[in-house]
Amino acid sequence: ATPTSIMVGTGKSAETGILFKGGEHLERTHQLDAIIMDKTGTITKGKPEVTDFTGDTDTLRLLASAEKGSEHPLAEAIVAYATEQDVEMTEAEAFEAVPGQGIKAAIAGKEVLVGNRKLMNEHDVHVDADADMEGLEADGKTAMLIAVNGEHRGIVAVADTVKDTASEAIKQLHDQGLEVVMLTGDNERTAQAIARQVGIDQVIAQVLPEEKADKVKEVQMQDKKVAMVGDGINDAPALAVADIGIAIGTGTEVAIEAADVTILGGELLLIPKAIKASKATIRNIR
Ligand code: ADP
Ligand code: MG
(Lines give C-alpha, C1' and ligand atoms only; values in the text may rest on other atoms or scores of the structure.)
(Ligands and ions follow the chains in the order given, each with its own letter.)
Protein backbone atom coordinates (compact mmCIF):
# COMPACT_ATOMS: atom_id res chain seq x y z
CA ALA A 1 0.00 0.00 0.00
CA THR A 2 1.37 3.35 -0.90
CA PRO A 3 0.86 6.06 1.67
CA THR A 4 0.70 8.61 -1.14
CA SER A 5 -2.34 7.11 -2.86
CA ILE A 6 -4.13 6.93 0.48
CA MET A 7 -3.28 10.54 1.22
CA VAL A 8 -4.56 11.56 -2.19
CA GLY A 9 -7.72 9.50 -1.62
CA THR A 10 -8.54 11.01 1.77
CA GLY A 11 -7.74 14.48 0.46
CA LYS A 12 -10.02 14.14 -2.56
CA SER A 13 -12.77 12.70 -0.39
CA ALA A 14 -12.50 15.59 2.06
CA GLU A 15 -13.04 18.02 -0.81
CA THR A 16 -16.39 16.38 -1.54
CA GLY A 17 -17.44 16.35 2.12
CA ILE A 18 -16.34 12.87 3.22
CA LEU A 19 -14.05 13.30 6.22
CA PHE A 20 -12.05 10.14 6.99
CA LYS A 21 -10.30 10.31 10.37
CA GLY A 22 -7.39 8.31 9.00
CA GLY A 23 -6.16 6.53 5.88
CA GLU A 24 -6.88 3.10 7.34
CA HIS A 25 -10.59 3.89 7.36
CA LEU A 26 -10.52 4.77 3.67
CA GLU A 27 -8.74 1.47 2.97
CA ARG A 28 -11.30 -0.53 4.96
CA THR A 29 -14.42 1.02 3.48
CA HIS A 30 -14.31 -1.03 0.25
CA GLN A 31 -14.70 -4.30 2.20
CA LEU A 32 -18.17 -3.54 3.55
CA ASP A 33 -20.97 -6.09 3.23
CA ALA A 34 -23.74 -4.31 5.11
CA ILE A 35 -24.79 -0.80 6.10
CA ILE A 36 -26.95 -0.27 9.16
CA MET A 37 -28.69 3.09 9.27
CA ASP A 38 -30.40 4.86 12.13
CA LYS A 39 -33.81 6.28 11.16
CA THR A 40 -34.41 9.65 12.82
CA GLY A 41 -31.92 12.29 11.72
CA THR A 42 -30.07 9.88 9.45
CA ILE A 43 -32.66 8.70 6.90
CA THR A 44 -35.16 11.37 7.91
CA LYS A 45 -34.44 15.07 8.25
CA GLY A 46 -34.72 14.90 12.05
CA LYS A 47 -37.12 17.84 12.20
CA PRO A 48 -40.38 16.17 13.18
CA GLU A 49 -43.68 18.06 13.28
CA VAL A 50 -46.96 17.33 15.01
CA THR A 51 -49.50 16.10 12.47
CA ASP A 52 -52.34 14.92 14.70
CA PHE A 53 -53.57 15.63 18.22
CA THR A 54 -56.66 14.26 19.92
CA GLY A 55 -57.50 15.51 23.38
CA ASP A 56 -58.79 18.63 25.08
CA THR A 57 -56.97 21.90 25.82
CA ASP A 58 -56.09 20.81 29.35
CA THR A 59 -54.47 17.63 27.97
CA LEU A 60 -52.49 19.65 25.45
CA ARG A 61 -51.25 21.95 28.23
CA LEU A 62 -50.17 19.01 30.41
CA LEU A 63 -48.62 17.22 27.41
CA ALA A 64 -46.55 20.24 26.36
CA SER A 65 -45.54 21.08 29.94
CA ALA A 66 -44.29 17.52 30.40
CA GLU A 67 -42.38 17.51 27.10
CA LYS A 68 -40.66 20.79 27.99
CA GLY A 69 -38.35 18.75 30.20
CA SER A 70 -37.27 16.44 27.36
CA GLU A 71 -34.51 17.06 24.82
CA HIS A 72 -35.88 14.48 22.39
CA PRO A 73 -36.73 15.73 18.86
CA LEU A 74 -40.26 14.43 19.46
CA ALA A 75 -40.53 16.73 22.47
CA GLU A 76 -39.30 19.74 20.50
CA ALA A 77 -42.02 19.12 17.92
CA ILE A 78 -44.72 18.93 20.59
CA VAL A 79 -43.55 22.07 22.41
CA ALA A 80 -43.40 23.98 19.10
CA TYR A 81 -46.94 22.86 18.28
CA ALA A 82 -48.28 23.96 21.67
CA THR A 83 -46.46 27.29 21.38
CA GLU A 84 -48.13 27.91 18.01
CA GLN A 85 -51.49 27.29 19.67
CA ASP A 86 -50.65 29.80 22.43
CA VAL A 87 -50.81 27.13 25.11
CA GLU A 88 -49.55 28.20 28.55
CA MET A 89 -47.00 25.71 29.79
CA THR A 90 -46.32 25.10 33.47
CA GLU A 91 -43.07 24.05 35.07
CA ALA A 92 -42.93 20.37 35.98
CA GLU A 93 -42.38 19.45 39.64
CA ALA A 94 -40.67 16.26 38.56
CA PHE A 95 -39.51 14.82 35.26
CA GLU A 96 -38.14 11.46 34.19
CA ALA A 97 -37.22 10.12 30.74
CA VAL A 98 -37.93 6.40 30.34
CA PRO A 99 -35.52 5.14 27.63
CA GLY A 100 -37.27 3.62 24.62
CA GLN A 101 -40.68 4.33 26.13
CA GLY A 102 -41.33 8.01 26.73
CA ILE A 103 -41.56 10.39 29.65
CA LYS A 104 -43.13 10.72 33.05
CA ALA A 105 -43.72 14.11 34.72
CA ALA A 106 -45.55 15.68 37.63
CA ILE A 107 -47.42 18.82 36.57
CA ALA A 108 -49.64 20.78 38.96
CA GLY A 109 -49.96 17.73 41.19
CA LYS A 110 -50.91 15.41 38.32
CA GLU A 111 -48.95 12.48 36.97
CA VAL A 112 -48.50 12.84 33.21
CA LEU A 113 -47.27 10.01 31.00
CA VAL A 114 -46.42 10.41 27.31
CA GLY A 115 -45.04 7.58 25.25
CA ASN A 116 -45.64 4.26 23.59
CA ARG A 117 -47.85 1.28 24.48
CA LYS A 118 -45.13 -0.24 26.62
CA LEU A 119 -45.05 2.84 28.86
CA MET A 120 -48.82 2.65 29.32
CA ASN A 121 -48.75 -1.11 29.99
CA GLU A 122 -46.06 -0.73 32.61
CA HIS A 123 -48.14 1.90 34.41
CA ASP A 124 -51.37 -0.11 34.12
CA VAL A 125 -53.08 2.52 31.98
CA HIS A 126 -55.99 1.04 30.09
CA VAL A 127 -55.89 2.17 26.46
CA ASP A 128 -58.50 1.47 23.83
CA ALA A 129 -57.01 3.11 20.75
CA ASP A 130 -55.49 0.33 18.64
CA ALA A 131 -57.19 1.31 15.38
CA ASP A 132 -56.19 4.99 15.72
CA MET A 133 -52.60 4.14 16.64
CA GLU A 134 -52.21 1.63 13.81
CA GLY A 135 -53.66 4.04 11.24
CA LEU A 136 -51.17 6.76 12.22
CA GLU A 137 -48.24 4.34 12.25
CA ALA A 138 -49.13 2.92 8.84
CA ASP A 139 -48.61 6.48 7.55
CA GLY A 140 -45.08 6.47 8.98
CA LYS A 141 -45.99 8.69 11.93
CA THR A 142 -44.76 8.22 15.49
CA ALA A 143 -47.92 8.07 17.60
CA MET A 144 -47.69 8.67 21.33
CA LEU A 145 -50.30 8.05 23.99
CA ILE A 146 -51.02 10.59 26.72
CA ALA A 147 -52.26 9.63 30.18
CA VAL A 148 -53.09 11.84 33.15
CA ASN A 149 -53.38 10.28 36.61
CA GLY A 150 -53.54 6.82 35.11
CA GLU A 151 -56.26 7.65 32.60
CA HIS A 152 -55.79 7.69 28.83
CA ARG A 153 -56.51 11.21 27.58
CA GLY A 154 -55.39 11.41 23.97
CA ILE A 155 -52.90 10.76 21.21
CA VAL A 156 -50.27 12.98 19.67
CA ALA A 157 -48.61 12.00 16.40
CA VAL A 158 -45.42 13.36 14.95
CA ALA A 159 -43.99 12.89 11.46
CA ASP A 160 -40.57 13.47 10.03
CA THR A 161 -39.89 13.64 6.28
CA VAL A 162 -37.26 11.48 4.62
CA LYS A 163 -34.25 13.24 3.12
CA ASP A 164 -34.61 14.09 -0.58
CA THR A 165 -31.67 11.95 -1.66
CA ALA A 166 -32.26 8.99 0.71
CA SER A 167 -33.87 6.73 -1.92
CA GLU A 168 -31.16 7.41 -4.49
CA ALA A 169 -28.37 6.80 -1.94
CA ILE A 170 -29.91 3.49 -0.86
CA LYS A 171 -30.38 2.41 -4.48
CA GLN A 172 -26.70 3.09 -5.16
CA LEU A 173 -25.67 1.10 -2.07
CA HIS A 174 -27.79 -1.83 -3.22
CA ASP A 175 -26.22 -1.56 -6.69
CA GLN A 176 -22.81 -1.76 -5.01
CA GLY A 177 -23.92 -5.10 -3.58
CA LEU A 178 -24.47 -3.97 0.01
CA GLU A 179 -27.20 -5.02 2.38
CA VAL A 180 -28.99 -2.01 3.85
CA VAL A 181 -30.70 -2.28 7.24
CA MET A 182 -32.70 0.33 9.19
CA LEU A 183 -32.23 0.40 12.97
CA THR A 184 -34.59 2.40 15.18
CA GLY A 185 -36.12 2.75 18.60
CA ASP A 186 -39.42 3.59 16.95
CA ASN A 187 -42.16 0.99 16.58
CA GLU A 188 -42.21 -1.65 13.85
CA ARG A 189 -45.11 -0.29 11.80
CA THR A 190 -43.79 3.28 11.61
CA ALA A 191 -40.30 2.01 10.79
CA GLN A 192 -41.62 -0.24 7.99
CA ALA A 193 -43.57 2.65 6.48
CA ILE A 194 -40.47 4.88 6.39
CA ALA A 195 -38.29 2.01 5.12
CA ARG A 196 -40.72 1.41 2.26
CA GLN A 197 -40.49 5.09 1.25
CA VAL A 198 -36.73 4.81 0.74
CA GLY A 199 -36.42 1.24 -0.57
CA ILE A 200 -35.06 -0.49 2.54
CA ASP A 201 -36.34 -4.03 3.03
CA GLN A 202 -34.64 -4.94 6.31
CA VAL A 203 -35.83 -3.26 9.51
CA ILE A 204 -34.82 -3.73 13.12
CA ALA A 205 -37.31 -1.73 15.23
CA GLN A 206 -38.10 -1.07 18.90
CA VAL A 207 -34.42 -1.23 19.77
CA LEU A 208 -33.44 0.36 23.08
CA PRO A 209 -30.61 2.91 22.84
CA GLU A 210 -28.23 0.62 24.73
CA GLU A 211 -29.06 -2.31 22.41
CA LYS A 212 -28.01 -0.63 19.17
CA ALA A 213 -24.37 -1.74 19.47
CA ASP A 214 -25.48 -5.35 20.12
CA LYS A 215 -27.47 -5.32 16.88
CA VAL A 216 -24.34 -4.26 14.98
CA LYS A 217 -22.39 -7.10 16.63
CA GLU A 218 -25.08 -9.61 15.63
CA VAL A 219 -24.61 -8.74 11.97
CA GLN A 220 -20.83 -8.86 12.36
CA MET A 221 -21.16 -12.38 13.78
CA GLN A 222 -22.62 -13.45 10.41
CA ASP A 223 -19.09 -12.87 9.12
CA LYS A 224 -19.98 -9.52 7.58
CA LYS A 225 -18.13 -6.23 7.59
CA VAL A 226 -20.58 -3.67 8.83
CA ALA A 227 -20.87 0.11 8.65
CA MET A 228 -23.14 1.96 11.05
CA VAL A 229 -24.55 5.35 10.10
CA GLY A 230 -25.98 7.56 12.83
CA ASP A 231 -26.36 11.03 14.27
CA GLY A 232 -27.40 10.68 17.89
CA ILE A 233 -25.79 10.25 21.29
CA ASN A 234 -27.57 6.89 21.43
CA ASP A 235 -25.81 5.84 18.19
CA ALA A 236 -22.29 6.44 19.53
CA PRO A 237 -21.64 2.94 20.97
CA ALA A 238 -22.88 1.34 17.73
CA LEU A 239 -20.70 3.68 15.66
CA ALA A 240 -17.68 2.65 17.74
CA VAL A 241 -18.40 -1.10 17.45
CA ALA A 242 -18.97 -1.06 13.68
CA ASP A 243 -16.12 -1.85 11.26
CA ILE A 244 -16.72 1.64 9.88
CA GLY A 245 -18.69 4.21 11.89
CA ILE A 246 -20.20 6.93 9.74
CA ALA A 247 -21.47 10.06 11.50
CA ILE A 248 -23.92 12.53 10.07
CA GLY A 249 -22.22 15.94 10.05
CA THR A 250 -25.36 17.67 11.24
CA GLY A 251 -25.60 15.29 14.20
CA THR A 252 -24.27 15.36 17.74
CA GLU A 253 -20.62 15.89 18.63
CA VAL A 254 -20.62 12.57 20.51
CA ALA A 255 -21.54 10.67 17.35
CA ILE A 256 -18.88 12.46 15.30
CA GLU A 257 -16.24 11.62 17.91
CA ALA A 258 -17.20 7.94 17.99
CA ALA A 259 -17.18 7.57 14.20
CA ASP A 260 -14.40 6.89 11.67
CA VAL A 261 -15.91 9.02 8.93
CA THR A 262 -18.16 12.07 8.94
CA ILE A 263 -20.33 13.00 5.99
CA LEU A 264 -20.87 16.74 5.77
CA GLY A 265 -24.41 18.08 5.80
CA GLY A 266 -25.74 14.57 6.38
CA GLU A 267 -25.78 14.01 2.61
CA LEU A 268 -26.42 10.27 2.25
CA LEU A 269 -25.16 10.16 -1.36
CA LEU A 270 -21.68 10.65 0.11
CA ILE A 271 -21.81 7.08 1.49
CA PRO A 272 -21.82 5.26 -1.88
CA LYS A 273 -19.31 7.89 -2.97
CA ALA A 274 -17.01 6.99 -0.07
CA ILE A 275 -17.19 3.33 -1.05
CA LYS A 276 -16.31 4.25 -4.64
CA ALA A 277 -13.36 6.35 -3.44
CA SER A 278 -12.12 3.47 -1.29
CA LYS A 279 -12.32 1.02 -4.19
CA ALA A 280 -10.48 3.42 -6.48
CA THR A 281 -7.73 3.90 -3.91
CA ILE A 282 -7.33 0.16 -3.39
CA ARG A 283 -7.09 -0.36 -7.15
CA ASN A 284 -4.25 2.15 -7.28
CA ILE A 285 -2.47 0.38 -4.43
CA ARG A 286 -2.63 -3.13 -5.84
P1 ADP B 1 -35.31 6.84 18.08
O2 ADP B 1 -34.31 5.74 17.86
O3 ADP B 1 -36.28 6.93 16.94
O4 ADP B 1 -34.67 8.16 18.39
P5 ADP B 1 -36.01 6.48 20.93
O6 ADP B 1 -35.35 5.23 21.40
O7 ADP B 1 -35.42 7.77 21.35
O8 ADP B 1 -36.22 6.40 19.33
O9 ADP B 1 -37.53 6.46 21.41
C10 ADP B 1 -38.33 5.32 21.23
C11 ADP B 1 -39.79 5.63 21.49
O12 ADP B 1 -39.99 6.10 22.83
C13 ADP B 1 -40.36 6.74 20.61
O14 ADP B 1 -40.76 6.26 19.35
C15 ADP B 1 -41.53 7.22 21.47
O16 ADP B 1 -42.64 6.37 21.33
C17 ADP B 1 -40.99 7.09 22.88
N18 ADP B 1 -40.41 8.38 23.32
C19 ADP B 1 -39.10 8.71 23.43
N20 ADP B 1 -38.94 9.97 23.88
C21 ADP B 1 -40.18 10.48 24.05
C22 ADP B 1 -40.70 11.74 24.49
N23 ADP B 1 -39.94 12.78 24.83
N24 ADP B 1 -42.05 11.87 24.55
C25 ADP B 1 -42.85 10.85 24.21
N26 ADP B 1 -42.44 9.65 23.79
C27 ADP B 1 -41.12 9.45 23.71
MG1 MG C 1 -31.07 9.49 15.09
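Read the numbers this way: they start at 1 and go in the same order the structure lists the ligands and their atoms.
- Here is the list of ligand 1 atoms found below 4.0 Å of a heavy atom in G115: 26 (N).
- Each of the atoms 25 (C), 26 (N) of ligand 1 lies under 4.0 Å from some heavy atom of M144.
- The shortest side-chain heavy-atom distance between F53 and I78 does not fall under the 4.5 Å cut-off.
- Within the set G102, P73, P209, the minimum heavy-atom distance to atom 18 (N) of ligand 1 is found for G102.
- With no hydrogens or angles considered, a side-chain donor-acceptor pair links E179 and Q202 at under 3.5 Å.
- Side chain of E93 to backbone of G109: a donor-acceptor contact under 3.5 angstrom is found.
- Salt bridge D243/R28: absent, no basic N to carboxylate O contact under 4.0 Å.
- Looking only at heavy atoms of the protein, atom 14 (O) of ligand 1 is closest to D186 OD1, 3.2 Å.
- When heavy-atom distances to ligand 1 are checked against a 4.0 Å cut-off, K39 has no atom that comes that close, whether in backbone or side chain.
- Between T142 and ligand 1, not a single N/O pair is under 3.5 Å apart.
- Closest to atom 3 (O) of ligand 1, if we only count protein heavy atoms, is T40 OG1, 3.3 Å.
- Panel note: side chain H72, backbone L74; a donor-acceptor pair is recorded below 3.5 Å.
- One finds no salt bridge joining D160 and K45 here, because no Lys/Arg side-chain nitrogen approaches an Asp/Glu carboxylate oxygen to under 4.0 Å.
- Under 4.0 Å is where a charged nitrogen must lie from a carboxylate oxygen, and between K68 and E91 no such pair does.
- The shortest distance between side-chain heavy atoms of H174 and V180 falls below 4.5 Å.
- Residue D38 places no N or O, backbone or side chain, under 3.5 Å from any N or O of ligand 1.
- The protein heavy-atom contact nearest to atom 16 (O) of ligand 1 is N116 CB, 3.7 Å.
- By the 3.5 Å distance cut-off applied to N or O atoms, G185 is counted among the residues near ligand 1.
- No side-chain donor from either of Q176 and Q172 sits under 3.5 Å from a side-chain acceptor of the other.
- The protein heavy atom nearest to atom 11 (C) of ligand 1 is G100 O, 3.8 Å.
- Taking the charged nitrogens against the carboxylate oxygens, R117 and E137 do have a contact shorter than 4.0 Å, which makes a salt bridge.
- At the top of the distance list for atom 15 (C) of ligand 1, counting protein heavy atoms only, stands L74 CD1, 3.8 Å.
- Distance alone, capped at 3.5 Å, is enough to place a donor-acceptor pair between the T281 side chain and the A277 backbone.
- Ligand-side atoms of ligand 1 in range of V114: 25 (C), 26 (N), range being under 4.0 angstrom from any heavy atom.
- Looking only at protein N/O/S atoms, the ones less than 2.8 Å from the Mg ion (ligand 2) make 3 in total.
- Between D201 and R196 there is no salt bridge, since no side-chain N of the basic residue sits under 4.0 Å from a carboxylate O of the acidic one.
- Within the structure, the salt bridge (Lys or Arg N to Asp or Glu O under 4.0 Å) test picks out no pair touching residues 270-280 (sequence neighbours left out).
- Some N or O of S70 is nearer than 3.5 Å to an N or O of ligand 1, by distance alone.
- Interface atoms of ligand 1 facing H72, defined by a heavy-atom separation under 4.0 Å, are 4 (O), 5 (P), 7 (O), 9 (O), 19 (C), 20 (N), 23 (N).
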Test side-chain contact (heavy atoms from CB on, under 4.5 Å) on I244 and Q31 and set out the steps.
CA-CA 10 Å; I244 295 287; Q31 304 166 332; over 6 Å; no

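- Scanning all protein heavy atoms for the shortest distance to atom 24 (N) of ligand 1 gives E67 OE2, 2.6 Å.
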